[in-house]
*Asks:* 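I'd like to ask some things about the structure below.
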Amino acid sequence: MSTLVPLLTREQIDWLPERAREVVEYRKSGLSLNHIQGCPLDCAYCIRHTYGLWDQRQPRALMSDTEAVEQLVSHRYFQPHVTPVQLFNRATDPFLPNVRPHTFAVLGDLNARGLRNHVLVITRHAMKPAGIDRLNQLVNLKVTLLFTYSGIEDKRIEPYPSHVAAESLKLMSAPSERKYRTVLYWRPLVPGLNDTDEHLDQAHALSLHADATVFTGLFYRDQIAEYYQANGLPEPYEETARRKIVPETLEQRVLAAFSDSTSLFRKTSCAVSYAHELPDYNGHYGIRELCDICPLSQLDLCQRGHHVPTAERLREVARDLPEARGLVVVDITERAAVVSGLSEEQPRYYLQHALGFQVHDVRHPHHAHRHGRADIGWKDTPTDE
Ligand code: SF4
């Protein structure tokens, strides 16, 4: 019998920071379910810093798995078979020994409902062979396991070694017949920490096991920078940013190291979609320069799935959301719809997934060739998307 995580009382839940109480939250790559929070793996750059949850090292549940699934599928942002779902990607690792049974319970419940949504499960933990059978039973869902691997050796930044994720990736990718897909989630790439030629070659060798690879940088937010400073950790950047940071020269070196690869992507949704032989569900195809590393078969798939919506269609989809009532369509091009009037990011992600098309906020312009990343480390380019 597996050990489950303790269930918090109502009173304990009321004491949690407000954002930690938000069990269903739209994040960039999907609607995220986080009814279990707390993690002992202590990665210094953990997003838990930004939720006031850094001190919560032991996983605890805010509700039962059944209640959580019910909240997810009845959420106004959830669209059956369409909305990509992410499980436990904010505040715990889904394959910690006492979180694992909850992960399988949620996946089993969603699958039993006949749902065909993408479900992304991101882990750096050790996995067991028994997990292969469990995941192969999920015949409806499109499950992708993403293995967080950085190659960072500094124990102050990542006390839990990267080679564990590497072994898990190999184990779970080994069966030739499987229902689920595997992605090498190569992150965070940080200049000076894990970007030597040797690091890049190791990641390349590992990528040969996975169905696809995505590389990305570090979310260096204010709260994470404060933690670095307070603990005397070497700071990777002089400033913080709301987007992930991948400097231009590092990206060029990554592309060179993977020049013989046809399964390297800049965007998580692209890697996941490619692994399932589907068009990118985030509609990145409009951002043409993102696709210059993509194989022709995938380009073709994405091109066929790329439909520029009319302003009327956008407003029609937005009508379902009270928080999008003030939506103004500023511009629509082949690349993206630019909107204003949304007070937060979550409804924007909803629109993006409902339409399979990029929706940008006029307040946060995307720069051409920067792939939606932070400006840090990139020379000035004159064009905005
Ligand atoms: S063709 Fe473009 S949008 Fe489609 S998966 Fe490749 S990079 Fe992503």
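By convention here, the first residue in the shown sequence is residue 1. Remember, it's 1-based here, ligands and their atoms both numbered in the order they're listed. Since we're looking at a predicted model, the values are computed, not measured.
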*Asks:* Return yes when at least one N/O/S atom of Cys294 is nearer than 2.8 Å to atom 6 (Fe) of ligand 1, and no when none is.
*Replies:*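 A backbone or side-chain N, O or S atom of Cys294 is under 2.8 Å from atom 6 (Fe) of ligand 1.
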*Asks:* Less than 4.5 Å apart, any side-chain heavy atom of Leu31 and any of Val24?
*Replies:*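 Heavy-atom side-chain distance check passes, below 4.5 Å.
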*Asks:* Could you identify the single nearest non-hydrogen protein atom to atom 8 (Fe) of ligand 1 and state the distance to 0.1 Å?
*Replies:*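 For this ligand atom, the closest protein heavy atom is Cys270 SG, 2.3 Å.
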*Asks:* Out of Phe147, Phe258, Phe265, which residue meets the ring pair (Phe, Tyr, Trp, His ring centres under 6.0 Å) rule with Trp186?
*Replies:*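 Among Phe147, Phe258, Phe265, the one that satisfies the ring pair (Phe, Tyr, Trp, His ring centres under 6.0 Å) with Trp186 is Phe258.
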*Asks:* What atoms of ligand 1 come within less than 4.0 Å of a heavy atom belonging to Leu299?
*Replies:*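 Matching atoms, with element in brackets: 1 (S).
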*Asks:* Nearest to atom 4 (Fe) of ligand 1, what protein heavy atom do you find, and at what distance?
*Replies:*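 Of the protein heavy atoms, Cys302 SG, 2.3 Å lies nearest.
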*Asks:* Would you mind checking which non-hydrogen protein atom is closest to atom 2 (Fe) of ligand 1, with the distance to 0.1 Å?
*Replies:*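 Checked against all protein heavy atoms, atom 2 (Fe) of ligand 1 sits closest to Cys291 SG, 2.3 Å.
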*Asks:* Consider ligand 1: state whether an atom of it lies below 4.0 angstrom from any non-hydrogen atom of Lys267.
*Replies:*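 No heavy atom of Lys267 comes that close to ligand 1.
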*Asks:* How far is atom 3 (S) of ligand 1 from its nearest protein heavy atom, and which residue and atom name does that atom have?
*Replies:*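 Closest protein heavy atom to atom 3 (S) of ligand 1: Tyr285 N, 3.2 Å.
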*Asks:* Check each of Asn89, Val106, Val73 against Leu33 using the side-chain contact (heavy atoms from CB on, under 4.5 Å) test, and report the only one that passes.
*Replies:*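 Single pass found, and it is Val106.
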*Asks:* Is the Phe88 ring parallel, tilted or perpendicular to the His35 ring (thresholds 30°, 60°)?
*Replies:*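 If you compare the ring of Phe88 with that of His35, the planes turn out tilted.
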*Asks:* Is NZ or CZ of Arg348 both nearer than 6.0 Å to the six-membered ring centre of Tyr350 and within 45° of the ring axis?
*Replies:*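 Not satisfied by the 6.0 Å and 45° rule.
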*Asks:* What part of Leu290 sits under 4.0 Å from ligand 1 if we count only heavy atoms: the side chain, the backbone, both or neither?
*Replies:*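 Only the backbone of Leu290 comes within reach of ligand 1.
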*Asks:* Do Arg134's NZ or CZ and the ring of Phe104 fall within the cation-pi criteria of under 6.0 Å and 45°?
*Replies:*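 Arg134 over Phe104 ring: yes.
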*Asks:* What atoms of ligand 1 come within less than 4.0 Å of a heavy atom belonging to Gln298?
*Replies:*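 This gives 5 (S), 6 (Fe) as the contact atoms.
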*Asks:* Would you please indicate yes or no on a ring centroid separation below 6.0 angstrom for His353 and Tyr281?
*Replies:*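 Ring-ring flag for Tyr281/His353: true, centres closer than 6.0 Å.
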